[in-house]
Enquirer: 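Before anything else, here's the structure in question.
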Amino acid sequence: MRDPAPSYVGEGRHALWHVSENPAIERFEPHVSTTAQSDDPWVWAVDTRHLPFFWFPRQCPRGTFWATSSTSPEDAELLFGASRVHVVEAAWLERIRTARVVAYRLPENSFSPHAEVGGYWLSSVPVEPLELVELGDLLALHASSEIELRLVPNLWPLWNRVLASTLEFSGIRLHNAAPRSAT
């Protein structure tokens, strides 16, 4: 299983969350995700430690990475001293600034941890949220949490370095990134 991301300033207590741009969801139904590696229908949730992976508009391509005890000193240099980095293409900046993103806190009783991906949780039954939280200014969330947010013209040069490194990582919606350059 992937090592968890490091804690962040103001992390708060453990809880399970589903993040959305839809503030009117009353019930989450199990479904087969378009990126799923199985045909089993699930309700997906993320724990508080990994919630910042979703402090973005849903379709925004982003990479996240952090060091673990097995990260080489050379690879750790990609962090530039940060404990955790989120990277997005600069073309998404205005959408990040203006997005209205909410987090639904979910009851934990029907969820089990994902077998391979730390921080992700699955339920095979419908789930009704306990609470709706407006995330507000997504850039300010990163700043106050001391999670470095990097803007790059194109994700692929940095992302390819991360993939070839000993850093731990998570890439989300990368199919929406600008095309890889020909160089």
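Position 1 is the first residue of the sequence; numbering continues from there. Note that this is a predicted model, so its numbers are computed, not measured.
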Enquirer: Going by the side chain to side chain donor-acceptor pair (under 3.5 Å) test, which pairs reach into residues 53-62, not counting sequence neighbours?
Expert: Gln59-Asn176

Enquirer: Are Val127 and Leu130 connected in a single hydrophobic cluster, I mean Ile/Leu/Val/Met/Phe/Trp/Tyr linked by side-chain heavy atoms less than 4.5 Å apart?
Expert: no

Enquirer: What residues, two or more places apart in sequence or in another chain, satisfy side chain to side chain donor-acceptor pair (under 3.5 Å) together with Glu108?
Expert: His14

Enquirer: Measuring from atom CG of Leu138 to atom CZ of Arg97, what distance do you get when rounded to the nearest 0.5 angstrom?
Expert: 12.0 Å

Enquirer: Using only atom types and a distance under 3.5 Å, with no angle test, would you say the side chain of Glu128 pairs donor to acceptor with the backbone of Glu26?
Expert: no

Enquirer: Which residues end up grouped with Trp156 if you chain together Ile, Leu, Val, Met, Phe, Trp and Tyr wherever their side-chain heavy atoms are less than 4.5 Å apart?
Expert: Phe65, Leu78, Leu79, Val85, Val87, Val152, Leu155, Leu158, Trp159, Val162, Leu163, Leu167, Phe169, Leu174

Enquirer: Of all the heavy-atom pairs spanning Ala76 and Thr71, show the shortest one and how long it is.
Expert: N-CG2, 3.8 Å

Enquirer: Hey, does the side chain of Asn154 reach the backbone of Pro179 with a donor-acceptor pair shorter than 3.5 angstrom?
Expert: yes

Enquirer: Hydrophobic clusters here meaning ILVMFWY residues chained together by side-chain heavy-atom distances under 4.5 Å, can you tell me if Trp42 and Val32 are in one?
Expert: no

Enquirer: How are the rings of Tyr120 and Trp44 set to each other: parallel, tilted or perpendicular (split at 30° and 60°)?
Expert: perpendicular

Enquirer: Over all heavy atoms of both residues, which pair between Arg49 and Ala5 is shortest? Give the atoms and the distance, please.
Expert: CD-O, 3.0 Å

Enquirer: Listed by chain and number, what are the side chain to side chain donor-acceptor pair (under 3.5 Å) partners of Thr64, not counting sequence neighbours?
Expert: none

Enquirer: Which value, rounded to the nearest 0.5 Å, describes the distance between Asn109 atom CG and Ser123 atom OG?
Expert: 8.0 Å

Enquirer: What closest approach, in Å, do Val43 and Pro30 show between heavy atoms, and which atom pair accounts for it?
Expert: CG2-N, 3.5 Å

Enquirer: Determine, step by step, whether Leu93 and Val88 satisfy the side chain to side chain contact (heavy atoms under 4.5 Å, CB included) criterion, reporting the C-alpha distance in whole Å, the side-chain angles of both residues, the deciding distance to 0.1 Å, and the verdict.
Expert: CA-CA 8 Å; Leu93 181 57; Val88 298; over 6 Å; no

Enquirer: Taking only Lys NZ, Arg NE, NH1 and NH2, and the carboxylate oxygens of Asp or Glu, determine whether Glu21 and Arg100 approach each other closer than 4.0 Å.
Expert: no

Enquirer: Drop me the distance from Trp66's CH2 to Glu148's CD, to the nearest 0.5 angstrom.
Expert: 15.0 Å

Enquirer: Testing the basics here: between Leu106 and Ala45, what is the closest heavy-atom pair and its distance to 0.1 Å?
Expert: CD1-CB, 3.9 Å

Enquirer: Mark yes or no for whether Ser38, through its side chain, and Asp40, through its backbone, hold a donor-acceptor pair below 3.5 Å.
Expert: yes

Enquirer: Taking atom CD of Glu29 and atom NE2 of His31, what is their separation to the nearest 0.5 Å?
Expert: 10.5 Å

Enquirer: Should His18 and Phe54 count as side-chain neighbours, where that means a heavy-atom distance under 4.5 Å?
Expert: no

Enquirer: Who are the side chain to side chain donor-acceptor pair (under 3.5 Å) partners of Ser33, not counting sequence neighbours?
Expert: Thr35

Enquirer: For Arg13, is there any backbone N or O sitting under 3.5 Å from a side-chain donor or acceptor partner on Thr48?
Expert: yes

Enquirer: Atom CZ in Arg84, atom CD in Glu168: separation rounded to 0.5 Å?
Expert: 12.0 Å

Enquirer: Got a donor-acceptor contact below 3.5 angstrom from the Trp121 side chain to the Ser110 backbone?
Expert: no

Enquirer: Is the shortest heavy-atom distance from the side chain of Val46 to the side chain of Leu16 under 4.5 Å?
Expert: no

Enquirer: Which pair of heavy atoms, one from Cys60 and one from Ile96, lies closest together, and at what distance?
Expert: SG-CD1, 4.2 Å

Enquirer: Check whether Leu122 and Val125 end up in the same hydrophobic cluster, where Ile, Leu, Val, Met, Phe, Trp and Tyr are linked by side-chain heavy atoms less than 4.5 Å apart.
Expert: no

Enquirer: Let me check something: do Val133 and Leu139 share a hydrophobic cluster, defined by ILVMFWY side-chain heavy atoms less than 4.5 Å apart, either directly or through other members?
Expert: yes

Enquirer: Can you check whether Val102 reaches Pro23 side chain to side chain, under 4.5 Å on heavy atoms?
Expert: yes

Enquirer: Check whether any side-chain heavy atom of Pro61 sits under 4.5 Å from a side-chain heavy atom of His175, and report yes or no.
Expert: no

Enquirer: What pair of heavy atoms forms the shortest contact from Ser170 to Ile172, and how long is it?
Expert: OG-CG1, 4.0 Å

Enquirer: Looking at Thr166, is its backbone amide N or carbonyl O close enough to the side chain of Asp75 to form a donor-acceptor pair, meaning the two atoms are under 3.5 Å apart?
Expert: yes

Enquirer: Mind checking whether His142 and Phe56 have ring centres under 6.0 Å apart?
Expert: yes

Enquirer: Does the pair Ile25 and Ser20 meet the rule for a side chain to side chain contact (heavy atoms under 4.5 Å, CB included), with working shown?
Expert: CA-CA 9 Å; Ile25 300 172; Ser20 178; 3.8 Å; yes

Enquirer: Using the ring-ring contact (aromatic ring centres under 6.0 Å, His included) rule, collect all pairs that involve residues 92-111, keeping only residues at least two apart or in two chains.
Expert: Phe28-Tyr104

